[in-house]
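Single-structure report; data block below.
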Amino acid sequence: MNLLPMSEIRAVMDQIAADEAVSSMVQKEKSAYAAGLFREAAGWQGIELKLRKKTAADK
């Protein structure tokens, strides 16, 4: 199940692919940039995205 409509996911992915600055970013920067775009898209849908870190019990 997707929380975001597939059209929103594609739009974010297209935006990432079209941004020339992304190619010069290191992996950590790319991840933060993509996460920000997905959070923004989710916000338009009234969805809050949070990172859930694994605990020792989850492993």
Side-chain angles (χ1 to χ4, degrees):
M1 175 170 101
N2 290 327
L3 295 176
L4 291 175
M6 191 56 85
S7 60
E8 285 292 326
I9 295 170
R10 284 192 184 111
V12 170
M13 296 302 291
D14 289 344
Q15 186 176 354
I16 293 167
D19 191 340
E20 294 177 11
V22 173
S23 63
S24 64
M25 294 179 184
V26 295
Q27 188 63 41
K28 194 170 188 176
E29 292 172 322
K30 288 178 187 178
S31 298
Y33 176 70
L37 291 177
F38 277 109
R39 275 193 204 98
E40 185 178 341
W44 295 330
Q45 301 292 322
I47 300 168
E48 182 182 0
L49 299 179
K50 292 183 179 181
L51 178 62
R52 189 177 134 203
K53 296 187 179 193
K54 290 186 178 182
T55 63
D58 293 337
K59 292 181 181 179

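In the hydrophobic clustering of this structure, M13 does not group with W44; members are Ile, Leu, Val, Met, Phe, Trp, Tyr whose side-chain heavy atoms approach within less than 4.5 Å, directly or through other members.
Contact detail for A42 and L4: the closest heavy-atom pair is CA-CD2, 3.5 Å.
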Show me the side-chain donor-acceptor pairs of residues 26-40 shorter than 3.5 Å, one per line, residues at least two apart or across chains.
unit_1, atom_1, unit_2, atom_2, d
E29, OE1, V26, N, 3.0
S31, OG, Q27, O, 3.0
Y33, OH, D19, OD2, 2.7

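Listed by first and then second residue, the side-chain hydrogen bond (donor to acceptor under 3.5 Å, both in side chains) pairs that reach into residues 3-13 come to none, sequence neighbours excluded.
With a 6.0 Å radius and a threshold of 12 heavy atoms from other residues, nucleotides or ligands, M25 has its CE atom above the threshold.
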